[in-house]
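Please read the structure below before turning to the comments.
Heavy atoms only: backbone and side chains are in, while hydrogens, waters and symmetry mates are out. All residue numbers refer to positions in the sequence shown, counting from 1. Values in this document were obtained by computation on a predicted structure and should not be read as measured data.
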Amino acid sequence: MSADGPLKGMKVIELAHIMAGPACGMMLADMGADVIKVEKPDGDDSRRFLPPDINGESAAFMMMNRNKRGMALNLKDPDAIGVLRRLLDSADVVIENYRHDTMERLGLGYETLRTSNPRLIYCAISGFGRTGPYAERGGFDLIAQGMSGLMSITGEGPGRPPVKPGAPIADITAGFLAALGCVAAYAHAQKTGEGQMVDTSLFEAGISLTYWQSAIAFATGTAPGAMGSAHPLNAPYQSFRTRDGWINIGAANQRNWHRLLDVIDAPELDSDTRFATNSDRITNLEALVPLLEDRLKTRDTHDWLLRMEAAGLPAGPVMDICEMHRDPQAIARDMIVETEHPLAGPVKAIGLPIKFSQTPGGVTRPAPTLGRHGPEILAEHGYSQDQIDALTKNGTVVIN
C-alpha cells in the first residue's frame, strides 16, 4: 500500500535510473504519490551495484526505490512504446534522466506527450540542463561537483588535492530540486489544468549549494577556497579535537563565544584583541584553533557535550554513519525505517525528512523486484489477461 501523504492521488511514471531521477521519484512516493518505475529488461543499473547486497539484492537499489511499484519494458519493441504511451496518457508526472534527445527518438518527447495529455508535467533531469552550450553533454555527480565549484571549497585547505563531499550531493540535490519542481508544477496544474516542462540538472544543483561562497566571490572578486570543517563567515564554527575524538562547536556569535570561553575555562581569550569580534576571529583563525584545542583535548567528547549542553552552547559529536543510525533523535524522527522485501527480507532505509501534521507520508513498501507489478499495472490501464499474457510471452513486458 502507498502512504497517505499529501501527494496521494498523484500518478508518476519514473523513466529514470541510478540516482538523481530515482531520488526525485522516491521523494514523491514517500509523500504519497503512486510512482511506477519503468525499467529496461535487465533493470536499473543500480541493481548491479554489488556489493553490498542483502540476500543477493542490491542495497543501493533498494534504498532509492522503496515505495515504488515496478514494471520492466523492452522499449526497443513498438508494442512497449504503446504500453508506455497508455501509462503516460493518464499520468500527472513523468520523470526521465536519459541523455539528450533519447525520449524524442522514442517518440516520447515533451511536445509529443503534451498533445495527448495537456496536464502532464514532464520532469527532465540531466547533467547540464536542456538548454545552453553543454546541453548535449552527459553528466555525472563527480563532474558536476567539480564544475560547480564545490570541489574547490571542500577539503583541508590550500595546496591539498581537490576533494568531493563523501555523499553524491549533486545527484541527490538535483533529485530533490526536481521533486520540488514537480510539486510546484502540480499545484499549477491543479489550478489551471496546464502541465509544463520541469528542467533541472546536476550542474545547477551543485551551483545552488555555493550560496555563501558565491556571496563572498561576488563581493570580493576572489574565489574562496577550502577551509576543512571551518566556516567562511563565522568563527569558531568547526570541528575540534578532544581527548578521544572530535566535536563540532558553533560559537560564532558573541553570546556563544563567551559561553565557550566559560565552558573551557579560558577567560584570557576574552581580553585577547585578536578574537574580540567574529571578524577578528575569522582573520586570526589559524591562531585561535590551537588555543581552543589545547583546552578541548583535556576532556573526552562526551564530557564536553554535557558541559556545553548545560551552558546552552550548540555542539555535537562527529558520528559515523552507523552511529547516526543508532542515534535516538534519528530514530525518534522516523529517519531509520524498515520494510519487508520479498527476497531480501527485513531491509532498513532512510525515512522521509519532511513531516506533515495532517497528511503524513512515510515508507510503506519495499523496492520492487524487477517487473514485479507489471501485470497489475497493465490491468489498471485496460489490458485484458490475454493481452497481458501475450505481452509477457513475447518479452515486451518483463517479469522476474
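Within the 3.5 Å criterion, the main-chain N or O of G70 finds a donor-acceptor partner in the side chain of H373. Side chain of S384 to backbone of Q387: a donor-acceptor contact under 3.5 angstrom is found. Within the 3.5 Å criterion, the main-chain N or O of F275 finds a donor-acceptor partner in the side chain of R281. Between the E293 side chain and the R241 main chain, a donor and an acceptor come within less than 3.5 Å of each other. Between the side chain of D141 and the main chain of A170, a donor-acceptor pair closer than 3.5 Å is present. Between the side chain of S116 and the main chain of D89, no donor-acceptor pair closer than 3.5 Å is present. Although no hydrogens or angles enter the test, the distance criterion places no donor-acceptor pair under 3.5 Å between the side chain of D79 and the main chain of T396. A donor-acceptor pair under 3.5 Å is absent between the side-chain atoms of D300 and the main chain of T242, judged by distance alone. With hydrogens and angles disregarded, no donor-acceptor distance shorter than 3.5 Å links the side chain of R47 to the backbone of F61. For the pair N278 (side chain) and A235 (backbone), a donor-acceptor distance under 3.5 Å is present.
In this structure, K297 NZ and L292 CG are separated by 11.5 Å, a value rounded to the nearest 0.5 Å. The CD atom of E39 lies 13.0 Å from the CZ atom of R372; values are rounded to the nearest 0.5 Å. Note: E204 CD to S148 OG = 11.0 Å, rounded to the nearest 0.5 Å. Here L209 contributes atom CG and I207 contributes atom CD1; the two are 10.0 Å apart, rounded to the nearest 0.5 Å. L28 contributes atom CG, which lies 15.0 Å from atom NZ of K11 (distance to the nearest 0.5 angstrom). Atoms OG1 and CG, on T112 and N117 in that order, are 13.0 Å from each other to the nearest 0.5 Å.
Enclosure of atom CZ in R243 by more than 12 non-hydrogen atoms of other residues, nucleotides or ligands within 6.0 angstrom is indicated. Heavy-atom contacts from other residues, nucleotides or ligands closer than 6.0 Å to CD of E286 number 12 or fewer. For R333, the CZ atom is loosely surrounded, since the number of other residues' heavy atoms within 6.0 Å does not exceed 12. The neighbour count for E104 CD, taken as heavy atoms of other residues, nucleotides or ligands under 6.0 Å away, is above 12. Enclosure of atom NE2 in H325 by more than 12 non-hydrogen atoms of other residues, nucleotides or ligands within 6.0 angstrom is indicated. Summarising the local packing, NZ of K355 is surrounded by more than 12 heavy atoms from other residues, nucleotides or ligands at distances under 6.0 Å.
The one candidate from T222, T210, L233 that meets the side-chain contact (heavy atoms from CB on, under 4.5 Å) condition with I216 is L233. With V83 as the partner, the side-chain contact (heavy atoms from CB on, under 4.5 Å) test is satisfied by one option alone out of I377, L391, L75, V38: L391.
Judged by distance alone, the side chains of S239 and N248 do bring a donor and an acceptor atom under 3.5 Å apart. Looking only at atom types and distance, the side chain of T359 has no donor-acceptor partner in the side chain of K8 under 3.5 Å away. No hydrogens or angles considered: a donor-acceptor pair under 3.5 Å links the side chains of T277 and D280.
Under the 4.5 Å side-chain heavy-atom criterion for Ile, Leu, Val, Met, Phe, Trp and Tyr, I125 and Y98 are members of distinct hydrophobic clusters.
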Yes or no on side-chain contact (heavy atoms from CB on, under 4.5 Å) for D30 and V363, after CA distance, side-chain angles and deciding distance? CA-CA 6 Å; D30 287 359; V363 181; 4.1 Å; yes
Take R66 and M62 through the side-chain contact (heavy atoms from CB on, under 4.5 Å) test and state the conclusion after the steps. CA-CA 6 Å; R66 78 293 179 84; M62 290 190 291; over 6 Å; no
Apply the test salt bridge (charged side-chain N to carboxylate O under 4.0 Å, His left out) to residues D45 and R48: give CA-CA distance (whole Å), side-chain angles for both, the deciding distance (0.1 Å), then the verdict. CA-CA 6 Å; D45 288 342; R48 290 174 288 282; 2.8 Å; yes
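Qualifying ring pair (Phe, Tyr, Trp, His ring centres under 6.0 Å) partners for Y237, counting only residues two or more places apart in sequence or in other chains: H231. With sequence neighbours left out, the side chain to side chain donor-acceptor pair (under 3.5 Å) criterion links D294 to no other residue. Partners of E136 under the salt bridge (Lys or Arg N to Asp or Glu O under 4.0 Å) rule, at least two apart in sequence or in another chain, do not exist in this structure.
Remark: R86 qualifies as a cation-pi partner of Y383 under the 6.0 Å distance and 45° angle criteria applied to the six-membered ring.
Residues A379 and I388 approach most closely at N-CD1, 3.9 Å, considering heavy atoms.
Taking 4.0 Å as the cut-off between side-chain N and carboxylate O, D265 and R295 do not count as a salt-bridged pair.
Note on ring orientation: taking the six-membered ring where Trp is involved, the planes of F128 and F203 are tilted (angle from 30° to 60°).
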